[in-house]
Number of protein chains: 2
Amino acid sequence: MMRSRHSDALRAAQMYYLQDLTMDAIARELRTSRSTVSRLLSAARDTGLVQIQIRNPLDTGPELESMIRREYNVDVHVVPVLESLNEAETLDRVALQAARTIGPLVDSNAIIGVAWGSTLSAVSRHLTRKITHDTVVVQLNGAGNMHTTGITYASDIMRRFGSAYGARVEQFPVPAFFDHAATKAAMWNERSVQRILDLQARMSIAIFGVGSVEADYPSHVYAGGYLDENDLRMLAHSDVVGDVATVFFRRDGSSDGIVLNERSTGPALAQLRQVRRRICVVSGASKINGLRGALTAGLATDLILDEATARRLVGFGGVNPANG
Amino acid sequence: MMRSRHSDALRAAQMYYLQDLTMDAIARELRTSRSTVSRLLSAARDTGLVQIQIRNPLDTGPELESMIRREYNVDVHVVPVLESLNEAETLDRVALQAARTIGPLVDSNAIIGVAWGSTLSAVSRHLTRKITHDTVVVQLNGAGNMHTTGITYASDIMRRFGSAYGARVEQFPVPAFFDHAATKAAMWNERSVQRILDLQARMSIAIFGVGSVEADYPSHVYAGGYLDENDLRMLAHSDVVGDVATVFFRRDGSSDGIVLNERSTGPALAQLRQVRRRICVVSGASKINGLRGALTAGLATDLILDEATARRLVGFGGVNPANG
DNA sequence: ATCCATTCTGCACGTTTGTGCATAGAGCTT
DNA sequence: AAGCTCTATGCACAAACGTGCAGAATGGAT
């Protein structure tokens, strides 16, 4: 019969996770083999039928988390990672845990704003499926640059989000930065663009990393041909420490008077702050300055980051980064 | 150091459930043995650090559930149970799954109304701990009868709820039924009683079973010395099919004119319906008539019941009970 | 300092679970 | 119906896991 696959997975999950039966016992009840049950359960996890959450009671959590929470008024998820791991492995584990953490927050009718970048790309590879309805994934900022339209790169990320949650995907086919602010103004009056802007204005969840000017290996934005020498010099003179979705800010969280933002296609910081749930994912301690700025700017409601970075964020463990 | 126990459990849980590391790998990172990690994880589950939920996508669930959902407008959790199990084993498995299902719904600042009875007693034995703050567990109806004050029986249930969620427990030290409605009216003006009534009025969650007049082995209420022959005769003449928290109702969900209710200490059905989340737990197909009435009366927002009963509820599988 | 009681730990063993592979079955085409 | 492809199943083995037990560690009490 057709009922089998999905419905058996549901039954198996209930019996396994809620009634503590062994797979063997479940196999007998479902009249199948134990290995099938094992696979049913694994399917149940992969499709989001089983949701596993770790909730750490806010006040009893480790010192580190509560310090960050207090200082920046943000929900922190510190990802335990051995300090000996290299950047790539760390990113992978942060991304995996971020994906698992995000899953339960996504619900039907959500409008999910997604940025792009190496962090988001890693996260998008680890998303677990979850069946939702009328969910929309909308791209936060353009991805084109002087060399490519950026569409494939950014759209891979978007597509993964979309298929994980069964959501409609709305791409934003513009460059990351316009050459002229006037072009942006013109485009922003196009109805095709306004549809996207309207979705962004109604986002219920935003997911993004941070770019940091001083990062060891600089974010895409600062190295990938998005900005010319003029731009970079201008950034240096504006005390910019980092960006979120290609919108720049200073150490104190301010962004007024940064001319590059007038040509950027990301949502203004003030608009981003309107979003109910703003999830920032950070891996790698070298992003610390950008992260500090983003948090000071109040851009995130939830922060997922690796342990080493968390430690540096509150100032102990590791070299305290020079800052000017 | 002291950080160890709780905080290690948290780290272990994150690494195990969110990063898919093996216990072996976690043991190495935490510099301990694999068996310790196994125990840490089991502690994490027991203390509610790890929350596992089964969410069945509403529209894709098995036919049975959606039929009930449509007909009674209630969130259904059908507990898969072999038909060959006896009543006690079925109750145990329903109760276990109910306890696991309730856990994630309980949050800080909740006011949880709890009824008593064999079902609730079973549920209370299976609750998993979860750390919350300023949560209150309040008894829905008195438990005294002609022979005992009922305090130990009901309070065992209440105490288990209280300690599972770290909640304050408010007992309701009155008989299940007053002999005279006037006594109830007088008591209801007592400030000590009003404190309880006030809590009940502010409940955010109510958890109860149903009593059914025609059950194979009748609920406590109908056999336990709570009602005298007069009362029972009166019930029969009022077409009563069952009760929730010792408040009676008819097959069509109505309860007006049932005089016994004027002497009962449970919350009026209209008041119960005000509660945001009303969880009804039912095990045993013989409660079918009471259950139908309760659902028709709109008493529950969530229904947890065994498969056999669910099947009878929608009319197939098993003898359709005679009704008058 | 010593003793005791309690809790925690690691080992060793048996149990439970994941998975590669060969086979059976389902669905389609001709 | 035969032939094909693609998926689902069960077996068998290896990996991962839970737990009784004995010894180590901890924290009082004397």
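Quick note on labels: first sequence line is chain A, next is B, and so on, each numbered from 1. Basis for what follows: all heavy atoms, side chains included, without hydrogens, waters or symmetry-related copies.
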request  = Could you go through the side-chain hydrogen bond (donor to acceptor under 3.5 Å, both in side chains) check for A:Ser121 and A:Arg125 one step at a time?
outcome  = CA-CA 7 Å; A:Ser121 176; A:Arg125 278 171 225 281; 3.0 Å; yes
query = Would A:Glu89 and A:Arg93 satisfy salt bridge (charged side-chain N to carboxylate O under 4.0 Å, His left out), going step by step from the backbone distance to the final call?
reply = CA-CA 6 Å; A:Glu89 291 169 319; A:Arg93 284 175 62 168; over 6 Å; no
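Rounded to whole Å, the distance from CG on B:Asp20 to C1' on D:dC17 is 15 Å. Rounding to whole angstrom units, OH of residue A:Tyr17 and P of C:dT16 are separated by 16 Å. The distance from atom CZ of B:Arg31 to atom P of C:dG10 is 13 Å, rounded to the nearest whole Å. Between A:Asp24 atom CG and C:dT17 atom C1' there is a gap of 10 Å when expressed in whole angstrom units. The CZ atom of A:Arg34 sits 11 Å away from the C1' atom of D:dC13 (whole-angstrom rounding). When rounded to the nearest whole Å, the span between CG of A:Leu40 and P of D:dT7 equals 17 Å. Counting to the nearest Å, the P atom of C:dG18 and the CD1 atom of A:Ile26 are 11 Å from each other. The distance between atom CG of B:Leu41 and atom P of D:dA16, rounded to the nearest whole Å, is 15 Å.
Here D:dC11 is the nucleotide among D:dG18, D:dC11, C:dT17 with the atom lying nearest to any side-chain atom of A:Arg39. Between C:dG10, D:dG10, D:dG18, one nucleotide has an atom nearer to the side chain of A:Ser33 than all others, and that is D:dG10. Side-chain proximity of B:Met23 to the nucleotides C:dT9, D:dC17, C:dG18 is greatest for D:dC17.
Using a 4.0 Å heavy-atom distance criterion, A:Ser42 is classed as making no nucleic acid contact. Within the nucleic acid shown, A:Thr22 comes within 4.0 Å of sugar-phosphate atoms alone, with no base atom in reach, counting heavy atoms only.
Neither OP1 nor OP2 of C:dT17 sits under 4.0 Å from any side-chain N or O of A:Ser38. Distances shorter than 4.0 Å separate some side-chain N or O of B:Thr36 from OP1 or OP2 on C:dG10. Between B:Thr32 and the phosphate of C:dG10, there is a side-chain N or O to OP1/OP2 separation shorter than 4.0 Å. Side-chain N/O atoms of A:Tyr16 include none lying less than 4.0 angstrom from OP1 or OP2 on C:dT16.
Shortest non-hydrogen contact noted between B:Asp306 and B:Val78 is C-CG1, 4.4 Å.
For the residue pair A:Tyr17 and A:Arg45, a side-chain donor N or O sits within less than 3.5 Å of a side-chain acceptor on the partner. In summary, the side chains of B:Gln139 and B:Glu170 do not present any donor paired with an acceptor at a separation below 3.5 Å, with no hydrogens or angles considered.
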